[in-house]
**Q** 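So that we are looking at the same thing, I have put the structure below in structure tokens.
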Amino acid sequence: MNSKLQTLQGMHDRLPENMKKRQWVIQRITSVFEKYGFEPMETPAIEYWEILSGKDVYGDEEKLIYKFQDRGRRDVGMRFDFTVPLARVVSSYPDITMPFKRYQIQTVWRCDKPQYGRFREFYQCDVDIVGTESVIAEAELIILASEIFEAIGFKKFMTKINSRKLLQTICEYSGVDKSKEFELFRAMDKRDRIGIDGVKENFEVLGLSKEAKEKIISSLGQPIAQLEKLLPNKEGIAQVRTLFSYLENLGCNMKHIMFDPWLSRGFDYYTGPIFETIIEGTKVGSVAGGGRYDNLIGKFNDKDIPAVGISIGLERVLMVMDKLDMNPKIASPVKFLVTLFDEPTIKYALQVAKDIRNSGVGVEVYPEAIKIGKQFKYASKKKIPFVVIAGPDELKTHSVAIKDMKSGTQETLKLAKLNTWLQKKLEVRK
RNA sequence: GUGGGUAUAGCUCAACUCGGUUAGAGCGCUUGCCUGUGGAGCAAGAUGUUGCCGGUUCAAAUCCGGUUACCCACCCCA
């Protein structure tokens, strides 16, 4: 192993085995996105530093942005997420049709210390709706996430839903200082990892009064109907209620949805409903998360434009799939390997390959006329279902021998009948 | 950014505690049994600057220092 051949810390080669799985998942994700009317979009990997940092969107996280000077001595940074690029795009193309529904699946970079489920270069899949305050937007994103996780084959997953507005109301009601609000949210967010007692300890550090602390914890323990009676301002509750009713109307499978007053999320910029999906029985953390951020785009623009989005963590989805031993059956586009027998019959074999390929299926030709056994082994390793032999015997009779690698049976058929044979096989496979 | 662990064949690991002949195993790979057939079986074979740099020693995979990468926890997040 040559250390000079190493990839950079936290960055990985993605070999075919991984890519096939990855693309299978991405395909499922995009098809659901598009079913709901979202369209693809990409933005550059590198942005002006001023855009990434200037609006103080990321707060402390800013130190995790890859930053450097390009050849023109410009300060630049690598794409950290898709929210800021989206805000820039929406702000610089005023004639975009609103509501703007786009999805973006690309890599992002975070100069974090690599760890379990955590990389420096990784894919994210974002969907956002810009330009509407309607809670229907939230409902669509949540149901769409459910559909995606179902399509991938997860059985036990849960999307937790809460509202920043509701949390703010609870803070107000409990007498928590506005300046401590966000730190409090962060402390709450750790409940899954450190438990309620741990959160209580963290509240201690924040310097909350005993009364405030108790009021918060008891409020968070209430069912939604009780909370509603308790709180002076009903706006947050109303939002959650509306969201749930829309979800039901859209036909969402409610067993994957729950209201969780403890959910708060780590980003500062959320203003309304927030949500997060976890796969049960894993310690990977959340595989999707999002919420409403009505004030963010305004930082790039003169006017506030409401927006809501969700991000699916592709790397984590893949990790969980491995962990749960989920191996999707990925059909190879290549169904036939045409073997080369010897020099004089190469042209015949190539002709046969062309004929099969013309029927619309993938065909590989082994590029060398080596031992036939090795060519079979190659097909076997690459899981190619049929091996075709077009050697001297076949040439003489204008036929081909086709072996079904799964059953091990082999048949010889006339070239003239190849087409109908293919048709029949392809029909069966549908 | 803070703290801990690990690095040996393509892969998973053994040998390291207590330095001592030629660094092993399983899987994989190559070849043959089988000169037109993969998976199973049998037989044979190849592969290592022990991550990298330096130090201690007659002698280092083994001890010490540095360095890089990976893993784990914290922080934070997808």
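Values below: all heavy atoms of this structure, side chains included; hydrogens, waters and symmetry mates excluded. Within every chain, numbering begins at 1; the chains are lettered A, B, ... in the order of the sequence lines, protein sequences first and strands thereafter.
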**Q** Expressed as a whole number of angstroms, how long is the span from A:Ile278:CD1 to B:C77:P?
**A**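 For the pair A:Ile278 CD1 and B:C77 P, the rounded distance is 17 Å.
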**Q** Closest to the A:Glu394 side chain: B:C77, B:G36, B:G38?
**A** B:G36
**Q** RNA chain B: stems of at least 3 consecutive Watson-Crick or G-U pairs, cut-off 3.5 Å?
**A**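 RNA chain B forms these stems: B:1-7 with B:68-74, B:10-13 with B:24-27, B:29-33 with B:41-45, B:51-55 with B:63-67.
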**Q** Please state whether the phosphate of B:C77, meaning OP1 or OP2, lies under 4.0 angstrom from any side-chain nitrogen or oxygen of A:Arg186.
**A**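 For B:C77, OP1 or OP2 has a side-chain N or O of A:Arg186 closer than 4.0 Å.
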**Q** What class does the angle between the rings of A:His256 and A:Phe157 fall in, given that below 30° is parallel, 30 to 60° is tilted and above 60° is perpendicular?
**A**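 The arrangement is parallel - the two ring planes meet at less than 30°.
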**Q** When you measure only distances, ignoring hydrogens and angles, does the side chain of A:Arg316 come within 3.5 Å of the base of B:C77 through a donor and an acceptor?
**A**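 By the distance-only test, yes, there is a pair.
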**Q** Using the P atom in both, what is the distance from B:C70 to B:U12, to the nearest Å?
**A** 15 Å
**Q** Would you classify A:Glu276 as touching base, sugar-phosphate or nothing, given that sugar-phosphate means primed atoms plus P, OP1 and OP2, and contacts are heavy atoms under 4.0 Å?
**A** nothing
**Q** Determine, answering yes or no, if A:Phe341 is stacked on B:G36 under the 5.5 Å centre rule and the 30° plane rule.
**A** no
**Q** Which part of the nucleic acid, if any, lies within reach of A:Gly289 when heavy atoms closer than 4.0 Å are counted: base, sugar-phosphate only, or nothing?
**A**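 Nothing, no nucleic acid heavy atom in range.
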**Q** In whole Å, what is the span from the CD1 atom of A:Ile274 to the P atom of B:A78?
**A**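 One finds 12 Å between P of B:A78 and CD1 of A:Ile274, rounded.
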**Q** Between A:Phe33 and A:Tyr103, what is the ring plane arrangement, given parallel below 30°, perpendicular above 60°, and tilted in between?
**A**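 Ring orientation of A:Phe33 relative to A:Tyr103: tilted.
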**Q** C1' atom, B:G19 versus B:C71: distance in rounded Å?
**A** 28 Å
**Q** So, is A:Lys374 close to the B:G32 phosphate, meaning a side-chain N or O under 4.0 Å from OP1 or OP2?
**A**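 Looking at the OP1 and OP2 atoms of B:G32, neither is under 4.0 Å from any side-chain N or O of A:Lys374.
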**Q** Between B:U47 and B:G26, how far is it from one C1' atom to the other, in whole Å?
**A**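 Between the two C1' atoms, the distance is 16 Å.
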**Q** Mapping A:Ser407 and A:Arg120 onto RNA chain B by nearest heavy atom, which one lands closer to the 5' end?
**A**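 It is A:Ser407 whose nearest nucleotide is closer to the 5' end.
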**Q** Roughly how far apart are A:Lys329 NZ and A:Lys383 NZ, rounded to 0.5 Å?
**A** 11.0 Å
**Q** For nucleotides B:G24 and B:C64, find the distance between their P atoms and express it as a whole number of Å.
**A** 25 Å
**Q** Quick one: A:Leu8 CG to B:U68 C1', roughly how many Å, whole number?
**A** 11 Å
**Q** In whole Å, measure the gap between the P atoms of B:U57 and B:C29 for me.
**A**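 These two P atoms come out 48 Å apart once rounded.
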**Q** What does A:Lys383 touch in the nucleic acid at a heavy-atom separation under 4.0 angstrom: a base, only the sugar-phosphate, or nothing?
**A**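 It contacts nothing in the nucleic acid.
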**Q** Taking the six-membered ring for Trp and the single ring otherwise, decide whether the centroids of A:Phe267 and A:Tyr269 are under 6.0 Å apart.
**A** yes
**Q** Give the rounded distance in Å between these two atoms: CZ of A:Phe185 and P of B:C75.
**A**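 Rounding to the nearest Å, CZ of A:Phe185 and P of B:C75 are 19 Å apart.
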**Q** Using atom CZ of A:Phe376 as one end and atom P of B:A40 as the other, report the distance to the nearest whole Å.
**A** 16 Å
**Q** Is a side-chain donor-acceptor pair under 3.5 Å present for A:Arg14 with A:Asn18?
**A**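 No donor-acceptor contact under 3.5 Å links the two side chains.
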**Q** Considering only atom P, compute the distance from B:C13 to B:G51 and round it to an integer number of Å.
**A**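 That atom pair is separated by 15 Å.
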**Q** Looking at every strand, decide which applies to A:Tyr378 at a 4.0 Å heavy-atom threshold: base, sugar-phosphate, or nothing.
**A** nothing
**Q** Below 3.5 Å, does any donor atom in the side chain of A:Lys403 face an acceptor in the base of B:G38, or the other way round?
**A** yes
**Q** How would you label the contact of A:Asp81 with the nucleic acid (heavy atoms, under 4.0 Å): base, sugar-phosphate, or nothing?
**A** nothing
**Q** Any side-chain donor paired with an acceptor under 3.5 Å for A:Tyr293 and A:Asp128?
**A**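 A pair is found: one side chain offers a donor N or O, the other an acceptor, under 3.5 Å apart.
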**Q** Please name the residue in the list A:Glu121, A:Arg120, A:Lys113 that meets the side chain to side chain donor-acceptor pair (under 3.5 Å) test with A:Gln9.
**A** A:Arg120
**Q** Centroid separation under 6.0 Å, is that true for the rings of A:Phe68 and A:Trp109?
**A**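 Centroid distance A:Trp109-A:Phe68: not below 6.0 Å, so no.
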**Q** Closest to the A:Pro114 side chain: B:C71, B:C29, B:G32?
**A**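 The listed nucleotide nearest to A:Pro114's side chain is B:C71.
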**Q** With a 3.5 Å cut-off and heavy atoms only, can you find an N or O donor on one side and an acceptor on the other between the side chain of A:Gln410 and the base of B:U37?
**A**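 Indeed, a donor on one side and an acceptor on the other fall under 3.5 Å apart.
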**Q** Of all the heavy-atom pairs spanning A:Trp24 and A:Ile330, show the shortest one and how long it is.
**A** CD1-CG1, 3.8 Å
**Q** Just compare B:A69, B:C29, B:U37 and give me whichever is closest to any side-chain atom of A:Ile372.
**A**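 The answer is B:U37, which lies nearest to the side chain.
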**Q** Just call it for A:Gln115: base, sugar-phosphate, or nothing, with non-hydrogen atoms closer than 4.0 Å on any strand.
**A**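 Touches a base.
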**Q** So which one's nearest nucleotide on RNA chain B is more toward 5', A:Lys113 or A:His12?
**A** A:Lys113
**Q** Roughly, in whole Å, what's the span from CG in A:Asp126 to P in B:C77?
**A** 15 Å
**Q** Please walk me through it: do A:Glu34 and A:Lys101 pass salt bridge (Lys or Arg N to Asp or Glu O under 4.0 Å)?
**A** CA-CA 10 Å; A:Glu34 294 187 353; A:Lys101 299 172 77 171; over 6 Å; no
**Q** Which whole-number value in Å describes the distance from A:Asp112 CG to B:C70 P?
**A** 13 Å
**Q** Between B:U17 and B:U62, how far apart are the two C1' atoms, rounded to whole Å?
**A** 10 Å
**Q** Contact class for A:Gly10 vs. all strands (heavy atom < 4.0 Å): base, sugar-phosphate, or nothing?
**A**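 Sugar-phosphate, backbone atoms only, no base.
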**Q** Check for a donor-acceptor pair, side chain of A:Glu181 on one end and backbone N or O of A:Val176 on the other, with a separation under 3.5 Å.
**A**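 Answer holds: no.
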**Q** Heavy atoms from C-beta onward define the side chain here; which of B:C77, B:C70, B:G36 lies closest to that of A:Ile389?
**A** B:G36
**Q** Pick base, sugar-phosphate or nothing for A:Arg110, based on heavy-atom distances below 4.0 Å to the nucleic acid.
**A**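 Answer is base: heavy atoms of A:Arg110 come under 4.0 Å of a base.
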**Q** Sticking with atom C1', work out how far B:A15 lies from B:A7, rounded to a whole angstrom.
**A** 15 Å
**Q** Give the nucleotide from the list B:G36, B:C77, B:G39 with an atom nearest to the side chain of A:Ala401.
**A**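 Selected nucleotide: B:G36.
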**Q** Roughly how many Å is it from CD1 in A:Ile370 to P in B:U35, rounded to a whole number?
**A** 15 Å
**Q** Is any side-chain N or O of A:Lys377 closer than 4.0 Å to OP1 or OP2 of B:U30?
**A** yes
